[in-house]
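These notes concern the structure reproduced below.
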Amino acid sequence: MGRNIGHYGTMAANHPRLLKPSFFARPTLTVARELLGQLLVHESKRGIIVGKIVETEGYLADDPACHAFKGPTPRCAVMFGPPGYSYVYFTYGMYHCFNVITEQKGVAGAVLVRAVEPVEGVKTIMKNFKAWPKNMNTSDPQRLASGPGKLCVAYGFDRSHNALPVSKGSPIRILEGPTVPPRDRVIATRIGITQNANAPYRFYIKAHPSVSKTGPAPARQFP
DNA sequence: AGGGGGATCAACT
DNA sequence: GTTGATCCCCCTA
């Protein structure tokens with residue numbers, strides 16, 4: 001924990017192991033599962049931020065918990081667009097949530113990135129927390145982005161980051177990260193929703209300190 | 001034009 | 001387990 005795993009910020013500029021739009025043009029739950037361990041990069045004005053994705057949730061077109069369930073609205077329109085774009089929305093009066101669009105163009109779907117382990121740019125993350133109006137717990141560097149709201153504070157994401165490509169040439173990119181051993185990848189029910197709450201659409205790295213919380217349902221391993 | 005609800009977080013009982 | 005902070009979104013009328 002807290003080990004230096006390399007200069008991902010420099011690599012992020014033009015490293016070949018960058019997830020391409022084709023990665024996201026697949027079933028939402030497949031993408032949610034395979035995003036575990038990958039590296040979310042934000043090349044922001046304050047500095048570059050890199051974090052290892054440790055927790056995701058899928059949101060599907062036929063899923064009552066999904067913003068796109070009842071069809072396109074101005075807010076969720078990007079969910080019906082091409083895969084590999086960001087979907088950032090505002091919630092609870094002060095927080096944002098960051099998603100990546102999945103499925104083929106015309107089919108709604110997204111993966112909510114709920115938590116990352118900070119890998120690079122902790123100083124920049126701390127600047128973002130200092131600029132945040134509400135008091136947040138920043139004592140544990142492993143838990144600076146241990147939830148979807150905190151993640152957006154840490155990365156400096158807001159609605160200006162909605163509908164941006166998550167790919168080469170964009171300030172937001174996802175790099176291939178270290179492979180997560182299958183026994184450490186678990187599936188469970190989602191958090192903080194009431195609609196379709198029993199759907200096992202949440203994925204996280206077992207016992208990882210940066211995961212938001214264990215959740216109500218017993219998590220099981222998936223192949 | 002009005003109002004209920006929300007993919008959150010931290011503090012409190 | 002419950003509650004306050006805080007405001008945009010979307011449905012209803």
Side-chain angles (χ1 to χ4, degrees), chain A residues 24 27-29 31-33 35-36 40 51 53-81 83 85-103 108-118 125-126 128-163 166 172 186-204 209-217 219:
Chain A
F24 302 100
T28 299
L29 298 181
V31 176
R33 187 178 61 203
L35 276 175
L36 292 180
L40 176 63
I53 297 171
V54 300
E55 181 183 356
T56 62
E57 285 179 357
Y59 286 86
L60 283 64
D62 64 351
D63 168 14
C66 179
H67 291 166
F69 178 61
K70 294 176 182 171
T73 65
R75 178 175 64 159
C76 72
V78 68
M79 288 187 75
F80 293 83
Y85 279 71
S86 63
Y87 172 45
V88 180
Y89 67 88
F90 183 75
T91 191
Y92 290 111
M94 63 185 80
Y95 295 108
H96 300 269
C97 290
F98 172 82
N99 302 250
V100 184
I101 301 308
T102 56
E103 310 279 354
V111 173
L112 170 67
V113 181
R114 283 189 57 93
V116 306
E117 174 191 3
I125 290 172
M126 291 304 293
N128 287 336
F129 276 105
K130 282 205 170 78
W132 188 250
K134 193 177 159 83
N135 190 27
M136 302 282 272
N137 186 349
T138 57
S139 60
D140 184 353
Q142 290 282 86
R143 299 193 62 77
L144 290 170
S146 60
K150 296 167 76 178
L151 185 151
C152 284
V153 175
Y155 274 73
F157 288 152
D158 58 35
R159 273 168 297 176
S160 73
H161 299 90
N162 185 48
V166 178
I172 306 173
V186 291
I187 184 170
T189 56
R190 293 175 294 188
I191 287 187
I193 58 168
T194 52
Q195 301 279 316
N196 204 9
N198 292 327
Y201 294 167
R202 176 167 172 251
F203 303 89
Y204 63 92
S210 302
V211 169
S212 64
K213 50 185 164 180
T214 305

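Order of the sequence lines fixes the chain letters, A, B, ..., with proteins taken first and strands second; residue numbering starts at 1 for each chain. Heavy-atom basis, side chains included; hydrogens, waters and symmetry copies ignored.
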Nucleotides 2-13 of chain C: protein proximity per nucleotide (B base, S sugar-phosphate only, - neither; heavy atom, under 4.0 Å): --BBBBSSS---
Whole-Å gap separating C1' (B:dT8) and CG (A:Asp158): 16 Å
Can you check nucleotides 11-13 of chain B for protein contacts, nitrogen or oxygen pairs under 3.5 Å, and list what you find?
none

Within residues 54-67 of chain A or reaching into it, pairs that qualify as salt bridge (charged side-chain N to carboxylate O under 4.0 Å, His left out) - sequence neighbours excluded: A:Glu55-A:Arg114, A:Glu55-A:Arg202, A:Glu57-A:Arg114, A:Asp63-A:Arg190
Bracket notation of DNA chain B in which parentheses pair within the strand, [ ] cross earlier pairs, and | pairs with another strand (Watson-Crick or G-U, under 3.5 Å): ||||||.|||||.
Shortest non-hydrogen contact between A:Gln142 and A:Ser210, atoms and distance: O-OG, 2.6 Å
Nearest heavy-atom neighbours spanning A:Ala108 and A:Glu103: O-CG, 4.0 Å
Distance-minimising heavy-atom pair for A:Arg159 and A:Val88: CG-O, 4.2 Å
Greater than 12 external heavy atoms within 6.0 Å of A:Tyr201's OH: yes
side-chain hydrogen bond (donor to acceptor under 3.5 Å, both in side chains) partners of residues 86-97 of chain A, not counting sequence neighbours, each pair once: A:His67-A:Tyr87
Nearest non-hydrogen partners of A:Asn196 and A:Pro64, listed with the distance: ND2-CD, 3.6 Å
Closest heavy-atom pair and its distance - A:Gly147, A:Ser212: CA-CB, 4.1 Å
Closest to side chain of A:Thr194, choosing from B:dA10, B:dG6, B:dA7: B:dG6
Rounded distance (Å) that lies between atom C1' of B:dT8 and atom CG of A:Leu144: 16 Å
Can you give the donor-acceptor pairs under 3.5 Å from side chains of residues 129-139 of chain A to other protein atoms, not counting sequence neighbours?
residue  : atom : partner  : partner atom : Å
A:Asn137 : OD1  : A:Ser139 : N            : 3.0
A:Asn137 : OD1  : A:Ser139 : OG           : 2.7

Phosphate contact (B:dT8 OP1 or OP2) by A:Arg114 side-chain N/O below 4.0 Å: yes
A:Tyr59-B:dA7 aromatic stacking (under 5.5 Å, under 30°): yes
